[in-house]
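Notes to accompany the following structure.
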Protein chains: 2
Amino acid sequence: MKRRTASRRRGEELEQAILDAVWAEFSEVGFAKLTMEGVAKRAGTSKPVLYRRWSSRVEMLISCIASRIPKADAVPDTGSLRGDMVALLTVARERMTLIGQTAMLGMLAEVSKDPDVREVLLGGLASELVNLLYQVVYRRAIDRGELAEEHLTPRLLRLPTDLGRSEFLLFGTISDEAIDSIVDEVILPALRARGAAV
Amino acid sequence: MKRRTASRRRGEELEQAILDAVWAEFSEVGFAKLTMEGVAKRAGTSKPVLYRRWSSRVEMLISCIASRIPKADAVPDTGSLRGDMVALLTVARERMTLIGQTAMLGMLAEVSKDPDVREVLLGGLASELVNLLYQVVYRRAIDRGELAEEHLTPRLLRLPTDLGRSEFLLFGTISDEAIDSIVDEVILPALRARGAAV
DNA sequence: TCGTTAAGATACGGCTCGTATCTTGCTAGG
DNA sequence: CCTAGCAAGATACGAGCCGTATCTTAACGA
């Protein structure tokens, strides 16, 4: 545990060093074997320092991922709802792949009892995509005249992320063919059924 | 650990006593706190006896659930595909509720690395529902003339279970309203889009 | 300069893991 | 009926990790 240098890190510098260590440890040993002791050791610090910041490894990992995952704030404008939808699911795949199937399931499992933490996890990762869907993809489609606001329902707002997540949690990946079939066989028909011209 | 009686159980009798203990322990303390030691204690036996049969708590729990969960071999014939579909999702909800959200996520997480064990888990639980969907619900619809074989795709065969599981893994339950919206806003439109008269 | 804060080290009891060892009850083959 | 073998069951072990308490000391701020 003893660090080589005599200097003592604090605040932001320390925080970043820890999060780096979390990520390194996570990448190397995986979610199941990610331990507070391992992270402390790798970061050259000690467990109390970690517990002063996070009360569990899940919270710590969520912080780490939140600081590492690229913000999902843009989806290329492909000129059609279908194209945009494929692009959105591709973004979703990239984000989830960064975390990994096992870690995602593990985090969901550890978090499933605690609605507060669950909100943080889902709010930080999934809802960003939902917002993107609603405020970018669907809005563009409305502007294009493919869609009207009243065609949308809560279920249709969740559908793309639900199907993407479901696919990923089961198989650990989302193939291009899967994206196509999700869009062409499910999402677009569901929108058309409510009157959309997509 | 010492049992009261002098008798020594063996074979099937012992196996059942252990599985009973697993279920009791699981129901009482939940998945996260389910330990080999706890089960051994409750069953009045010892860890080596458990490890001779299962190599991990997940395998043990899967055995337990497989022996306890009712077989999904029937869905009431409601006279319409819509009604049957709602009934199927209701069956799915009951089965998943028996296991619980946290346990389901936990098992999936621990099993996600090992494709073999995953097959056992999903094959024993999910695919039973998929078969039911294909061999009962869809078949009836075909007989009624609501549907034709060529309207179905692999995606449409998975869609109902995917959406049900997704809902359950996120919320820990599936409300009646959720079932309705899944059926009416997603599944049926997707079938109609391929030509079905449902 | 000096008091406050937090880093970092260490140690603790506790739990669970997975395995090894040993005795002993049960059972099947003769 | 006897005996040999097998598995049940008890126990103990080192290991790892948990979460917390305690202590020293470096860094910072007023």
Side-chain angles (χ1 to χ4, degrees), chain A residues 1-22 24-26 28-63 103 106-107 109-111 113-114 117, chain B residues 1-22 24-26 28-61 63 102-103 106-107 109-111 113-114 117:
Chain A
M1 297 247 185
K2 193 151 280 176
R3 300 191 67 234
R4 307 143 212 83
T5 73
S7 78
R8 177 176 289 187
R9 301 157 300 177
R10 302 175 75 89
E12 193 58 31
E13 181 196 0
L14 176 60
E15 190 108 357
Q16 270 311 312
I18 293 173
L19 291 181
D20 286 349
V22 173
E25 194 77 1
F26 172 58
E28 197 166 299
V29 305
F31 175 75
K33 292 181 182 170
L34 183 72
T35 67
M36 297 301 246
E37 300 205 318
V39 169
K41 189 171 189 176
R42 187 186 283 261
T45 181
S46 58
K47 284 193 292 175
V49 175
L50 304 184
Y51 279 105
R52 278 179 203 124
R53 292 177 163 71
W54 305 280
S55 65
S56 71
R57 68 173 192 155
V58 173
E59 279 186 27
M60 186 175 69
L61 183 56
I62 290 177
S63 282
M107 291 198 297
E110 289 193 25
V111 139
K113 295 175 201 164
D114 190 332
V117 188
Chain B
M1 299 248 185
K2 193 151 279 177
R3 300 192 66 234
R4 307 147 213 80
T5 73
S7 79
R8 177 175 289 184
R9 302 158 299 180
R10 301 175 76 90
E12 193 56 32
E13 181 196 358
L14 175 60
E15 190 107 357
Q16 271 310 313
I18 293 173
L19 291 181
D20 286 348
V22 173
E25 195 77 1
F26 172 59
E28 197 165 298
V29 305
F31 175 76
K33 292 181 182 171
L34 183 73
T35 68
M36 297 301 246
E37 302 206 318
V39 170
K41 189 171 189 176
R42 186 186 283 262
T45 182
S46 58
K47 285 194 291 175
V49 175
L50 304 184
Y51 280 104
R52 278 178 203 126
R53 292 177 162 72
W54 304 280
S55 65
S56 71
R57 68 174 192 153
V58 173
E59 278 187 27
M60 186 175 68
L61 183 56
S63 283
T102 307
M107 291 197 298
E110 289 193 25
V111 140
K113 294 175 201 162
D114 188 333
V117 188

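Every chain is numbered from 1, with letters handed out A, B, ... down the list of sequences. Hydrogens, waters and symmetry mates are skipped; everything else that's a heavy atom, side chains included, is used.
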Please determine, for the side chain of [X], which listed nucleotide ([options]) has the closest atom?
X: B:E37; options: D:dA21, C:dA11, C:dT16; result: C:dT16
X: B:V49; options: C:dG8, D:dG9, D:dT20; result: D:dG9
X: A:L14; options: C:dA7, C:dC26, C:dG18; result: C:dA7
X: B:M36; options: D:dA26, C:dC17, C:dA11; result: C:dC17
X: A:S46; options: D:dC17, C:dA9, C:dA6; result: C:dA9
X: B:R8; options: C:dT16, C:dC26, C:dG8; result: C:dC26
X: A:R9; options: C:dA6, D:dA21, C:dG8; result: C:dG8

Expressed as a whole number of angstroms, how long is the span from [X]:[atom1] to [N]:[atom2]?
X: A:L50; N: C:dA9; atom1: CG; atom2: P; value: 12 Å
X: B:M60; N: C:dC17; atom1: CE; atom2: P; value: 8 Å
X: B:E12; N: C:dC26; atom1: CD; atom2: C1'; value: 17 Å
X: A:K47; N: C:dG14; atom1: NZ; atom2: C1'; value: 12 Å
X: A:Y51; N: D:dT22; atom1: OH; atom2: P; value: 18 Å
X: A:L34; N: D:dG16; atom1: CG; atom2: P; value: 17 Å
X: A:K41; N: D:dG16; atom1: NZ; atom2: P; value: 9 Å
X: A:E15; N: C:dG8; atom1: CD; atom2: P; value: 12 Å

Note to self: Does a side-chain N or O of A:R52 approach OP1 or OP2 of C:dA7 to a distance below 4.0 Å, or not?
What the structure shows: yes
Note to self: Between A:T45 and C:dG8, is there a contact of a side-chain N or O with OP1 or OP2 at under 4.0 Å?
What the structure shows: yes
Item checked: Validation row: A:E25, A:K41 side chains within 4.5 angstrom (heavy atoms) -> no
Item checked: A:W54 side chain reached by A:V22 side chain, heavy atoms, under 4.5 Å -> no
Next item on the list: In sequence, state the C-alpha distance, the side-chain angles, and the governing distance for A:E15 and A:R9, and then conclude on side chain to side chain contact (heavy atoms under 4.5 Å, CB included).
Entry: CA-CA 9 Å; A:E15 190 108 357; A:R9 301 157 300 177; over 6 Å; no
Next item on the list: Would you mind telling me which residue lines up with the more 5' stretch of DNA chain D, A:P48 or A:K33, judged by nearest nucleotide?
Entry: A:K33
Checklist line | Lys/Arg-Asp/Glu bridge criterion (N-O < 4.0 Å) met for A:R42, A:E28 | finding: yes
Item checked: Pair B:E110 + B:R57: basic N to acidic O under 4.0 Å -> yes
Checklist line | Sugar-phosphate only, base, or nothing, as touched by A:R57 at under 4.0 Å among non-hydrogen atoms | finding: nothing
